[in-house]
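Reading through the structure tokens given below for one structure.
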Amino acid sequence: MKIICIGRNYSEHAREMAAELPQEPVFFLKPDTALLRTNRPFYIPDFTQEVHYEGELVFRICKNGKHIPERLALSYVDAVAVGVDFTARDVQNELKRKGLPWEKAKAFDGSAACGHFFMLSDFGNLLDLNLELRLNGQVKQKAATREMLFPVSYLIGYVSRFITLRQGDLLYTGTPAGVGPVAIGDEITGFINGRLSLRMKIK
Ligand code: MG
């Protein structure tokens with residue numbers, strides 16, 4: 001399986017990163033070794049002094065597809081979880097400055113935390129999923145799917161023009177504003193419409 005991550009999908013986050021709003025989706029990949037399954041602790045790696053959490057809605061791809069039309073795209077996902085796109089921000093800034101790819105900052109082991117999946121059929125309207133990420137009980141990020149610059153259906157269609165999607169792939173749909181650093185001892189919790197999906201420790 002592979003992990004597809006969308007960048008800059010909420011305007012407020014693009015602003016906090018001093019990044020331009022994209023005209024089309026920005027995406028990158030993480031390998032399966034980046035996946036940190038439900039509630040496992042995240043160990044801060046030794047090559048960074050500044051790891052940021054990026055809370056994101058994660059959609060699970062449920063069938064294979066290529067060139068998926070947007071109107072059919074939602075039939076290619078069956079479940080949603082809260083995930084964290086852990087980012088070595090200091091390393092990323094250095095790579096950005098040099099115009100180099102971001103893998104060292106984004107794709108390292110454990111960098112894709114993923115919580116418990118809820119079936120999409122449990123939710124009425126995909127436009128009304130609310131993501132909430134808390135750090136040590138304090139709300140840090142809060143956003144609704146309707147605030148995404150590119151909706152999930154568009155993202156699926158767009159990515160599948162370039163890369164075949166396979167059953168079991170995960171789509172991280174970008175982080176809203178409010179990202180920040182983690183420290184040893186922190187606890188992250190993530191909710192979808194008030195339902196707990198993710199609870200994990202930083203070590
Ligand atoms: Mg992200």
Side-chain angles (χ1 to χ4, degrees), residues 1-37 42 44-45 48 50-61 77 80-96 100-115 117 129-135 139-145 147-152 154-156 158-159 162-163 165 169-182 186 188-192 197-198 200 202:
M1 60 81 76
K2 58 188 172 292
I3 299 165
I4 301 146
C5 301
I6 306 297
R8 298 182 212 165
N9 201 25
Y10 294 87
S11 55
E12 287 300 320
H13 172 63
R15 221 159 282 149
E16 77 179 347
M17 299 302 291
E20 274 175 39
L21 287 186
Q23 299 302 307
E24 51 185 359
V26 175
F27 72 89
F28 57 93
L29 301 181
K30 298 192 188 220
D32 57 2
T33 42
L35 187 62
L36 195 57
R37 291 179 188 280
F42 173 81
I44 295 177
T48 171
E50 191 190 15
V51 174
H52 278 198
Y53 60 83
E54 293 189 357
E56 310 198 1
L57 288 175
V58 181
F59 288 82
R60 185 173 69 192
I61 304 294
V77 286
V80 63
V82 177
V84 180
D85 166 20
F86 282 108
T87 303
R89 194 68 76 199
D90 49 352
V91 177
Q92 186 195 29
N93 288 338
E94 178 77 18
L95 295 169
K96 272 186 188 173
L100 292 171
W102 291 2
E103 274 78 358
K104 285 200 290 184
K106 285 283 197 183
F108 55 86
D109 289 359
S111 61
C114 190
F117 277 98
L129 294 183
N130 290 289
L131 164 69
E132 190 174 293
L133 195 91
R134 299 182 195 165
L135 184 68
V139 178
K140 293 288 187 184
Q141 297 187 283
K142 213 172 161 60
T145 33
E147 296 167 46
M148 289 181 178
L149 294 174
F150 303 103
V152 176
Y154 187 83
L155 294 173
I156 290 167
Y158 184 85
V159 171
F162 303 91
I163 296 180
L165 300 183
D169 289 349
L170 299 179
L171 177 67
Y172 283 60
T173 52
T175 197
V179 302
V182 292
D186 284 347
I188 291 177
T189 45
F191 302 81
I192 302 173
S197 167
L198 178 77
M200 64 182 303
I202 307 297

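We count ligands from 1, going down the list as the structure has it; atoms in each ligand are counted the same way. Everything quoted here is computed from the prediction, not taken from an experiment.
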Note to self: Please give the atom name: the N, O or S atom of Glu56 nearest to the Mg ion (ligand 1).
What the structure shows: OE2
Next item on the list: Check whether any side-chain heavy atom of Cys5 sits under 4.5 Å from a side-chain heavy atom of Lys30, and report yes or no.
Entry: yes
Margin query: Counting only heavy atoms not in Lys104 (residues, nucleotides, ligands), do more than 12 fall under 6.0 Å from its NZ?
Written below: no
Notebook entry, point to check: Do the ring centers of Phe86 and Phe42 come within less than 6.0 Å of each other?
Noted result: yes
Next item on the list: Measure from the Mg ion (ligand 1) to every N/O/S atom of Asp85 and report the name of the nearest one.
Entry: OD2
Notebook entry, point to check: Considering only heavy atoms from C-beta outward, does the side chain of Lys96 approach that of Trp102 to under 4.5 Å?
Noted result: yes
Notebook entry, point to check: Any idea which N/O/S atom from Glu54 gets closest to the Mg ion (ligand 1)?
Noted result: OE1
